[in-house]
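What follows is a single structure, written as structure tokens, with notes after it.
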Amino acid sequence: MIEMVHLIKKKIKGHVYCYLQHNIWVDGKPKRAWQIYLGPLERIQERGALSKPETLEFETVEFGADIALYDIAQKIQLVEVIDKCTTKKRHQGLTVGEYILLGVINRCINPCSKNKLGDWFKNSVLTKYFHITPDKLNSQTYWNHFQYFNEQIIEKIESELNKIILTRYHLGLDCVLYDPTNFYTYIQERAENELPRKGHSKEKRFDLNQVNLSLFCLKEGGVPLMHESYPGNTHDAKHFKKVIPKFIERMTELGKTIGEITLIFDKGNHSQDVFQDIKEAHLQFIASLRPSTQKELLEIPVEKFTPVTLQSTGKEVRYYRVTKNIYGAPRTVYVVYDPRHFKRAKLAFETRLQKKIRAVHAFFQDRLNIKKWRDAEKVKHKIRAILGKKLYGSVVQVELKGDFGHLELSLKINETEKQKRIAAMGKTILFTSCDGWDAELVIRTFREQYVIEDAFKHLKSPKMISIRPIYHYTDSSIRVHAFICVLGLLLLSLLRMELAKQGVYMSYFKTLEVLKTIKITRIFAQNNTLKLEKLNKLTPDQKTLFKILHLKRYVDG
């Protein structure tokens with residue numbers, strides 16, 4: 001799209017009138033974005049106001065997304081809170097909070113390395129509010145300011161922000177979601193660092209070091225409350241045991257009664273100790289159980305399940321309720337059967353099974369009884385590698401007949417074991433301390449886990465926030481980088497919440513997509529003095545967001 005601003009003349013009833021007009025080319029056709037009436041030609045010539053129009057300079061800068069996020073940060077006093085909790089005495093440049101805010105907004109809109117922040121900043125309306133030259137925004141500047149943070153200061157900032165956000169946005173803490181994730185990095189292990197370590201990568205990059213991150217967020221809007229970066233080789237359950245007391249302490253600081261909070265978490269975080277802590281704190285919970293620990297429940301026929309319709313989606317599922325002793329206490333247990341999930345899982349399993357069998361036959365078609373594949377044990381080992389331990393020997397039975405160099409291979413499907421596996425599909429096992437809740441509420445609430453899963457998806461997105469790649473290599477800098485990304489998630493969640501309260505429901509991606517196309521054009525005199533600031537023409541979607549978010553107050557002229 002090509003943009004241009006020029007002076008035009010119109011002759012009306014024998015008089016010539018002058019206009020300043022901004023045209024854009026869209027799909028090969030000119031389209032007027034805006035037009036400003038300057039007055040009759042004679043009057044302009046007399047005054048000499050535009051006798052040298054070529055001395056005017058124009059620039060179009062990003063406005064919508066930048067200023068919308070800046071506005072949210074103002075509402076929650078982000079800069080002020082960070083400055084209060086850090087120790088820098090400002091002598092020159094920006095404050096710590098201002099540097100961090102610029103980094104946060106950039107992560108949301110156009111994530112880049114710190115060395116490229118200046119290039120992004122100079123094309124943003126934010127130059128009007130942060131009085132710093134773009135060349136000062138670089139890696140060294142940010143590394144210098146990261147020294148003002150440590151784990152305790154980050155926790156203090158989060159706590160102060162929690163108080164402001166819960167009050168300003170009238171949010172409750174009745175339901176909190178928890179989940180850990182990890183991010184692979186290309187950082188090599190260093191003796192002085194603890195965070196980058198090899199562990200169980202959720203993205204299957206076991207060859208790389210990773211950094212783990214845990215997150216507590218509200219069910220309402222996915223607003224992040226608390227996070228922690230921790231070593232990549234730490235087991236989820238071990239970390240959960242450590243972070244639960246911190247969560248309880250944080251909630252107490254906020255003046256909340258722990259017994260009124262329900263925590264939702266997944267099966268990978270369990271341990272006997274953590275449930276003892278949860279019990280002693282009277283913290284309510286809904287969690288899932290590993291199916292392998294409750295095989296007898298998976299064998300219960302679906303015909304014995306009770307149908308229920310989930311209010312939030314209108315989706316029908318079935319459940320079987322029972323009381324069992326789980327981690328030393330009697331708990332209400334629900335086996336939930338989802339027909340749609342069952343169909344998808346069954347199809348995927350059968351497709352994968354046939355694909356694996358074909359792969360075995362294809363591999364040994366021209367190799368069996370040649371070189372090392374004359375040895376039965378080596379053949380079996382290779383088949384086990386192709387099929388995987390979940391299929392080998394149970395669902396798929398391997399028969400090898402004959403002696404060394406004269407082997408005959410055949411694969412058979414154990415239909416009994418196959419049907420047993422299929423019967424367990426589509427089932428999730430939940431258990432809870434919320435004995436007074438009905439089945440529909442328990443199931444629906446647990447399914448809100450998708451909110452925190454979406455949060456991780458946004459953190460890992462290369463187009464927005466993009467916690468990876470991590471260009472830092474010290475633990476302290478990695479923690480601040482993760483903190484900046486979580487703050488970006490916070491601003492986006494509050495932005496979407498403001499839109500939702502006005503009946504506009506958009507994803508993070510769609511919201512930013514619309515806001516990023518809202519731009520302003522600035523007109524400067526020869527001495528670089530800003531003469532006029534004009535909002536470019538808005539589409540219906542842009543007008544809606546512009547109005548709901550009250551962005552007009554940030555436009556001069």
Looking at [X] and [Y], would you say the former's side chain and the latter's main chain have a donor-acceptor pair under 3.5 Å?
X      : Y      : value
Arg468 : Pro462 : no
His481 : Ile467 : yes
Asn162 : Leu225 : yes
Thr234 : Tyr230 : no

State whether [X] and [Y] are salt-bridged, where the test is any N-O pair (Lys NZ or Arg NE/NH1/NH2 against Asp/Glu carboxylate O) under 4.0 Å.
X      : Y      : value
Glu513 : Lys510 : yes
Lys163 : Glu160 : yes
Glu228 : Arg479 : no
Glu448 : Lys219 : no
Arg250 : Glu158 : yes
Lys343 : Asp338 : no
Arg553 : Asp71  : yes
Asp541 : Lys543 : no

Checklist entry - What's the verdict on salt bridge (charged side-chain N to carboxylate O under 4.0 Å, His left out) for Arg444 and Asp438, showing C-alpha distance, side-chain angles and the deciding distance? => result CA-CA 10 Å; Arg444 171 162 48 91; Asp438 62 29; over 6 Å; no
Checklist entry - Checking Lys427 against Phe342: charged group under 6.0 Å from the ring centre and within 45 degrees of the axis? => result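 Because its charged atom misses either the 6.0 Å distance or the 45° angle limit, Lys427 does not stack over Phe342.
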Checklist entry - Given the rule in the ring pair (Phe, Tyr, Trp, His ring centres under 6.0 Å) test, do Phe285 and Phe431 qualify, once you have shown the distances and angles that lead to the verdict? => result CA-CA 8 Å; Phe285 71 89; Phe431 73 116; 5.3 Å; yes
Value rounded to 0.5 Å, distance of [atom1] in [X] from [atom2] in [Y]:
X      : Y      : atom1 : atom2 : result
Leu551 : Gln542 : CG    : CD    : 11.5 Å
His472 : Leu195 : NE2   : CG    : 12.5 Å
Thr87  : Ile153 : OG1   : CD1   : 6.0 Å

Checklist entry - Passes side-chain hydrogen bond (donor to acceptor under 3.5 Å, both in side chains), Asn209 versus Thr185? Steps please. => result CA-CA 6 Å; Asn209 288 320; Thr185 79; 5.6 Å; no
Item to check | Heavy-atom side-chain proximity of Val504 to Leu545 below 4.5 angstrom | outcome: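 Val504 vs Leu545: side chains touch.
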State, to 0.1 Å, how close [X] and [Y] come at their nearest heavy-atom pair, and which atoms those are.
X      : Y      : value
Tyr99  : Gly93  : OH-CA, 4.3 Å
Ala482 : Ser229 : CB-OG, 3.5 Å
Asn212 : Pro231 : ND2-O, 2.9 Å

Next on the checklist: Could you walk me through whether Ser214 and His239 satisfy the side-chain hydrogen bond (donor to acceptor under 3.5 Å, both in side chains) test, starting with their C-alpha distance in whole Å, then the side-chain angles of each, then the deciding distance to 0.1 Å, before giving a yes or no?
Outcome noted: CA-CA 9 Å; Ser214 62; His239 175 71; 2.8 Å; yes
Tell me whether the rings of [X] and [Y] are parallel (<30°), tilted (30 to 60°) or perpendicular (>60°).
X      : Y      : answer
Tyr70  : Tyr554 : perpendicular
His458 : Tyr508 : tilted
His145 : Tyr148 : tilted
Phe130 : Phe121 : perpendicular

Item to check | Residues Glu498, Lys75; criterion salt bridge (charged side-chain N to carboxylate O under 4.0 Å, His left out); working and verdict | outcome: CA-CA 12 Å; Glu498 290 197 356; Lys75 291 175 181 176; 2.9 Å; yes
Item to check | Verdict with supporting geometry, Phe240 and Phe265, ring pair (Phe, Tyr, Trp, His ring centres under 6.0 Å) | outcome: CA-CA 10 Å; Phe240 193 46; Phe265 53 94; 4.9 Å; yes
